[in-house]
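Report on the structure given below.
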Amino acid sequence: MSNSISAGSAAPLDKTFESAEVEARHYALWEQSGAFAADPNSDKPPYTIIMPPPNVTGSLHMGHGLTFTLQDVLIRYYRMAGRDALWQPGQDHAGIATQMVVERQLAEKKITRHDLGREAFIDKVWEWKAESGGTISSQLRRLGATADWPRDRFTLDEGVSKAVRKVFVDLYREGLIYKDSRLVNWDPALETAISDLEVEQQEVKGNLWYFQYPVDGQPGRVLTVATTRPETMLGDTAVAVHPEDERYRDLIGKHCVLPIVGRKILIVADEYADPETGSGAVKITPAHDFNDFEVGRRHNLEMINVLDRKGRINENAPVEYQGLDRFEARRKVVASIEELGLLEKVEPHTHQVPYGDRGGVPIEPYLTEQWYVDAATLAKPAIEAVETGRTKFVPENWSKTYFEWMRNIQPWCISRQLWWGHQIPAWYGPDGEIFVADNEDEAADLARKHYGEDKPLERDPDVLDTWFSSGLWPFSTLGWPDETPELKRYYPGDVLVTGFDIIFFWVARMMMLGIHFMGDVPFRHVYIHALVRDEKGQKMSKSKGNIIDPLEVIDEYSADSLRFTLAVMAAQGRDIKLAKNRVEGYRNFGTKLWNAARFCEMNQCALPADFDPAKVSQTVNRWIIGETARVAAETAQGIEAYKFNEAAGGQYQFVWNTFCDWYLEFIKPILNSEDAGAIAETRATAAWVLDQILLMLHPFMPFITEELNEHFRFVPDRPLITAPWPALNGLDATDAKAEMDWVVRLITDIRAVRAEMNVPAGAQIPCLVQGAASETLAQLSRHAGYIHRLARLTGVDAATEMPKGAVQIVVGEATYGLPLADVIDIGAERDRLAKAIEKADKEIGGIDKRLSNPGFLAKADPAVVEDTREKRQELAGQRDKLTAAVARLADL
RNA sequence: GGGCGCUUAGCUCAGCGGGAGAGCGCUUCCCUUACAAGGAAGAUGUCACAGGUUCAAAUCCUGUAGCGCCCA
């Protein structure tokens, strides 16, 4: 071996790993080196992840911790595996959320946004963004996220805004965006329309009030209707009964007199009225209920809006109600009806009430004119893309959720009565004519053509739903509509990593808009990961006080520990219940690795430049190299299949159980021996394996691995951040594995018996072997050093006969005896052997049952049958030897 | 009401056709010069219940119960 051994740092490793200092230093070095940057000129194949842009108002929570850890694992892995990796970062302007934050700040100074006016208010929001908008980016850096930061985008950047305007204009011209007057979900707190998805149904204990509406011209006759929202009766324009309902047939086409209001309202026949519920008659308020709206359309009913934007009763209601809040109006209506003697009864009633997910107050169905996207048309190719597998969901069953929603998709209301966001590029002429254009000049041109002269235009004051711009994210961030090299190279992305909660909000919209404007799906895979819950399985929330703050966890246990914990718990299809002691456990894993590295350092393990893992001769070294190759392949497969728990778990087991517990223990006697050749090979092998571990673990635990890599410099000038993933083909060593497995079993069995017989842990005792094949004797001698050391034996000597009073163990074809005449309890030993025989008998019994089954022999895979036969033979041999051991005891 | 998922060791969960695993916790022993944030050994399961398919079921199918989530 050459002497060009690379020297590590001069000072030895500290006794403990100081995460805080190391994390800050390495992150800064990585970022300064430009290692996170994608290279559009690279000849490597691209690998793209578009980061779901966190809200500009956001700060890092555990859900972010999970999603960005997994994305970073993928990005780091593929970067190492030779891809030109782009992790495109960004932030979302989050219309409602951000506007609310700034409005709340203004409210402390008793100012409303209206006091400031639109422009000044928006300036304020930008000011706020400049001050507080970057927090999440720096928090992501603490997690170790290696996004391509110089490419950071904001949804209100000029480039992205240009894309938004173009999409709006194009869809409008294609007839896929239109204005319509229909019921929307109106949030009276925020005074804006919101989409169906922003509405949450909450179960509320309310009442069902039964009102009697007098029938016009038939004194004494009434129709009873029931309602959970009495105030809406002020806007009633009909009562519906079922056309087949005998009770009311004569009333169809007649009128009721609406109490309080005095309006005559039509009695219509409509199947919406269910004869089975209540009286069978139902009041119809077309302007304030989605079902009633449909009934109203069918019967051409008048639509009377009785609410204003703030949810107060407006001028369309009787004077004494005008200006009342909707809930006050409710009380007043009930009181008046009761006074009129028309309140039949009141029943307590639990029902679903729609709440705005941001404003937190009940939403009102409200008749307004809004902009809509024809989602059904855009959804068709987006459905097909998943049906044909051009985009695949992982786990696959989420595609079902996607289909369910996409096949029943409703028009998407995209206008919001807010100020913070993309203002809709539509201008109105004096007569209300609409001109949709990229900018005011173009709109003026259109108007000039339309009117034949210049006319004053007014821009639509509304802004777009935040998800409208988010839906363009996979291509708007890459420069679209310009034909940039980035757009050409990095679209479509490889995978979108996200939680199931935004499949509708975001994934679906990206699919629709991406396919429509780019002609291809925005990503090949959609990996849907779990939700992070607390250890009891409850959703983390401020109000429950069960939040685990990722930054606190990082401070306490290190970023590596948190990342590893989240990755190893990220099994597909199940939520993560996170408890701090799990993080502690994986922090201990980092410590274990650190100490294994210290051991290597203390034993002068270094990697010669010409070290060839295929050429080692020691069995123990061939074995560990083969195992390293195996785990490297499994880890890569796990990551590529999004089975992060398998990939990380495999590493955990390999590093701790295989490398530390066994390999490092095996090599101690070698390193302390006189055999210079074996020592050199073993030092090199240990260094090589440690180096592979650092590489394989790097995507999961980037900081500690980079720190150790920097310290050892096994390979000069090769920071892990840009290192290649281990390519370890042709290194399996099945013979070495079989041999070492035998060593492990022998040591384990001896240890077990020692513990059971209460042999003092420190005591070294002799061991005899009987009936061993010559090959076994050779192995015993080859591995004597560590067998003696780890089983605490003075030696293993061949014997033709077991001495009396020896504890006997059967491993393979041989029987091993520990002469413990003075300590052995004959009764206990007989029991122990009897138990072992019983266990073997039970297993043999099970196998015989199978082997005597003709169906099994005829139909099972021949390999399975063969394995079963071999197993039986092995067990039978073991059983015989155990029986012989018992017989020997009888002589005592 | 419709859909999806879950039920495996005390706890948290892997496994998803060939005879049950991990981590944590627990018990015993050990400060063996890499590591006590450690080492060694150990105990614990009608794999929710009931049927069915199969030579073979924790694993596939059907139903039941309980829990959770999504959509009306």
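Only this structure's heavy atoms are used, side chains among them; waters, hydrogens and symmetry mates stay out. Chain A is the first sequence line, chain B the second, and so forth, proteins listed ahead of strands; every chain is numbered from 1. Nothing here was measured: the structure is a model prediction, and the numbers come from that model.
- Nucleic acid contact class of A:Arg789 (heavy atoms, under 4.0 Å, all strands): none.
- Ring planes of A:Trp398 and A:Phe500: parallel class, angle under 30° (limits at 30 and 60°).
- Residue contacts shown for A:Cys660 include a base, since a base heavy atom lies under 4.0 Å away.
- Base engagement by A:Arg587 is indicated by at least one non-hydrogen atom pair under 4.0 Å involving a base atom.
- Ring geometry, A:Phe700 versus A:Phe564: the interplanar angle exceeds 60°, so the pair is classed perpendicular (tilted spans 30 to 60°).
- Between A:Phe17 and A:Trp594, the two ring planes are tilted [angle within 30° to 60°].
- Within 3.5 Å, a donor on the side chain of A:Arg850 pairs with an acceptor on the base of B:rG19, or the reverse.
- Listed nucleotides: B:rC35, B:rU54, B:rG15. Nearest to the side chain of A:Lys859: B:rU54.
- Note on A:Lys668: a base of the nucleic acid sits closer than 4.0 angstrom, heavy atoms only.
- Residue-level contact check: A:Thr868 touches neither bases nor backbone, having no heavy atom under 4.0 Å from any strand.
- The residue A:Thr591 sits close to a base: some heavy atom pair falls under 4.0 Å.
- Base engagement by A:Lys592 is indicated by at least one non-hydrogen atom pair under 4.0 Å involving a base atom.
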